[in-house]
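A short write-up of the structure that comes next.
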Amino acid sequence: MDNSSREHDLVLYGATGFVGRLIAGYVAEHAPTGMRVGLAGRSRSKLEAVRSQLPVAAHGWALIEADSEDADSIAALAAGTRVLLTTVGPYTKHGLPVVDACARAGTHYADLAGEVSFVREAIDRYDALARTSGARIVHSCGYDSVPSDLAVLLLHQAAEADGAGGLVEVQLVATAKGGISGGTLESMRGQLDAMRSSTALRSLAADPYALSPDRTREPTTQQPPDAGPVRRSDDGTWTAPFIMAAVNTRTVRRSNALQGWAYGRSLQYGEVMGVARGPAGAVIARAMALGLRAFTGAMAFPPTRGVLDRCLPAPGSGPSTRTQRAGWFHSQVTARTENGHRYQAIAAGPGDPGYAATAVMAGETALALALDGDRLPTAKGSLTPATALGNVLMQRLRAAGHTYQVTKLA
C-alpha cells in the first residue's frame, strides 16, 4: 500500500509513559531535519508537557490524542502515519487494537513487547493481513529481543560466509547493570495472571517454538530449558537463569523459521545470566536463581503480590537518570556449527538495558522503518528485528555506540 502521502513519517504512541519519554528524547536528537514526527497518547496536556521538555527540534511535532479503547482514534492514528512505534502496555491488554489498525492501514509497526502470548495472538490474527497490506509488524524491539536476535543473525552470517555449516549449539550469556520500571512489573503481573487462569497459555509458555510461523514443520530438536540449573561455564563463570530467556529464545527461533531455518534445523539456542567466577560466583548464582523463583512465585500469589506492590515501582515510574547512565549490557553468544567450527558474537552497549539502551534500540528501529525502506529486507507481515531490519538496524546501532561483532574461535 502506498503511504507516501501520509501526514506523518513516524508517530510515537505512549509518549507520556516512562519509556515513551526516553524514546521521544532519543528520536528528537537523531531524527533528520524535516522528518514529520508525532507524539500520541490519551492526554493532550500531558503530551504538551513532554514535548516542551524535548530539544527545540521537536517543538513543532504534532500532538495526537488516541486511546487503544477507542477503535476509531487508533484507526485514524495508524492511517495518518507511515510508521507507528507503541510503548503502551501491557500489550496483552492494550496492544492488539494497535496491531489491527496498522495491519489494515499498511503502516509499519514496532513495539517493546516481551509478552509471548500477545505476540502469538498478534501473529495468528494479523500476519496474513499485514502481508497483504505491506505492513511490517515488528515485535520486541528493545533489550528484549534486539541483542539476542541480531547476535545470532551475525553468527549465522559468519558461519555461512565460511562454509562452516549450520548453527548447532548456541548459548547467550547475559550480564547487565540496570533498574526496573513500574510498566515492566505491570506487564509481568498481567502475564502471570493470564497463565494462572488458562491451561492453554501455560502450555504456550512452555513451548520452545511458541512463536513459530508453522509449528507442524518445526524440528524435534530438544531446546535448553528457559530456567535451567545453576552451572559453571567453560571459562569458570557461574550462570543462573535469565528472566528474559523465555521471550528472547522464541524470537530467535522464529527468526530462524521465517528464513527457512537458514540458521540450521538442528539449532539449539539457550540463554543464561552470567554472574561471577570462583566460589563466590557459585553462591551468588544459586542465590539469584532462588531469588528469581521466589519473586516470580510471590508475584503470582495475590496476597504476597500486595506486599511487594507497596515497595516496587508504580506504573509510569522507573530508574533515575543517574541509574540509567550508569547501566550497561553485555551479551556474549558462543556457537558451534555442524562442521565443528566455533564462533563468538558480542552484543553490548552503554546505558540501563531496559530503558536508556532500549530507547536507542527502539528509536533506531523506528528511524530505520521510516527512512531505510529501500535497504530493508523485503519481508512483510509479523516479523522479528532480525527478519524485518537485520543488518540495517545493526549498522544503525553500531553508529549509535553499541557493539555488534563476531569472531571465529576455531
Side-chain angles (χ1 to χ4, degrees), residues 13-14 17 19-20 23 66-69 71 74 77-78 84-104 107-130 135-146 148-149 181-213 215 226 243-255 257-258 296 299-300 315 354 358 361-362 365 381-388:
Y13 177 48
V19 180
I23 297 171
D67 187 336
S68 60
E69 296 183 6
I74 295 298
L77 181 68
L84 191 153
L85 169 64
T86 174
T87 63
V88 179
Y91 292 95
T92 300
K93 184 177 180 180
H94 301 293
L96 288 173
V98 186
V99 181
D100 183 324
C102 288
R104 294 183 187 281
T107 299
H108 302 317
Y109 163 102
D111 66 29
L112 302 177
E115 302 158 41
V116 171
S117 60
F118 160 73
V119 176
R120 179 72 263 174
E121 189 169 2
I123 292 166
D124 292 341
R125 288 193 183 192
Y126 304 118
D127 177 49
L129 179 60
R136 294 179 174 94
I137 307 296
V138 195
H139 300 291
S140 308
C141 298
Y143 183 49
D144 49 345
S145 301
V146 167
S148 305
D149 211 25
S181 76
T184 298
L185 292 169
E186 185 67 14
S187 175
M188 183 179 182
R189 292 183 190 99
Q191 292 179 78
L192 291 171
D193 288 344
M195 284 190 290
R196 189 174 65 247
S197 61
S198 171
T199 301
L201 289 181
R202 289 196 295 273
S203 296
L204 180 70
D207 184 359
Y209 298 102
L211 300 183
S212 173
R215 187 63 181 84
D226 297 321
I243 193 170
M244 297 169 67
V247 62
N248 291 343
T249 57
R250 286 151 181 79
T251 299
V252 168
R253 293 179 198 125
R254 178 170 175 80
S255 292
L258 285 173
T296 304
M299 288 291 286
T358 280
M361 297 176 210
T365 292
S382 292
L383 304 170
T384 60
T387 56

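This is a predicted model, so every value here is computed, not measured.
Between the side chain of Arg104 and the backbone N or O of Leu129, no donor-acceptor pair lies under 3.5 Å. When atom types are taken as modelled, the side chain of Tyr109 and the backbone of Ala78 share no donor-acceptor pair closer than 3.5 angstrom. Judged purely by atom type and a 3.5 angstrom limit, Arg250 uses its side chain to pair as donor or acceptor with the backbone of Asp207.
Between the CG atom of Leu84 and the CG atom of Asp111 there is a distance of 10.0 Å, given to the nearest 0.5 Å. Interatomic distance, OG of Ser382 versus CD1 of Ile123, reported as 5.5 Å (0.5 Å rounding). We find the OG1-NE2 distance between Thr365 and His108 to be 13.0 Å, quoted to the nearest 0.5 Å. Remark: Ile74 CD1 to Thr86 OG1 distance equals 8.0 Å, nearest 0.5 Å.
In this structure, Leu112 and Gly142 approach most closely via the heavy-atom pair CD2-N, 3.7 Å. Closest non-hydrogen pair, Thr251 versus Ser140, comes out as OG1-OG, 4.3 Å. What you find for Ile137 and Ala130 is that their closest heavy atoms are CG1-CB, 3.7 Å. The shortest non-hydrogen separation linking Met361 to Tyr143 is SD-N, 3.7 Å. Across all non-hydrogen atoms, the minimal contact from Val119 to Ala113 is CG2-CB, 4.2 Å. Shown here for Ala388 and Arg136, the closest heavy-atom pair between the two residues is O-NE, 4.2 Å.
For Tyr126, the ring-ring contact (aromatic ring centres under 6.0 Å, His included) criterion is met by no residue, not counting sequence neighbours. For Ser255, the side chain to side chain donor-acceptor pair (under 3.5 Å) criterion is met by Asp149, Thr384, not counting sequence neighbours. Asp67 is linked by a salt bridge (charged side-chain N to carboxylate O under 4.0 Å, His left out) to nothing, counting only residues two or more places apart in sequence or in another chain.
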* For the pair Leu85 and Ile23, evaluate side chain to side chain contact (heavy atoms under 4.5 Å, CB included) and give the outcome as yes or no after the intermediate values. => CA-CA 10 Å; Leu85 169 64; Ile23 297 171; 3.6 Å; yes
* Under the side chain to side chain contact (heavy atoms under 4.5 Å, CB included) rule, what do Thr249 and Asp226 come out as? Steps first, then yes or no, please. => CA-CA 8 Å; Thr249 57; Asp226 297 321; 3.6 Å; yes
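Within the 4.5 Å cutoff, the side chain of Val98 has no heavy atoms near those of the Tyr91 side chain. Counting heavy atoms from C-beta on, the side chains of Leu211 and Arg120 come closer than 4.5 Å. Inter-residue side-chain proximity for Pro213 and Arg254 is flagged as met; some heavy-atom pair is nearer than 4.5 Å. The shortest side-chain heavy-atom distance between Val99 and Arg125 does not fall under the 4.5 Å cut-off.
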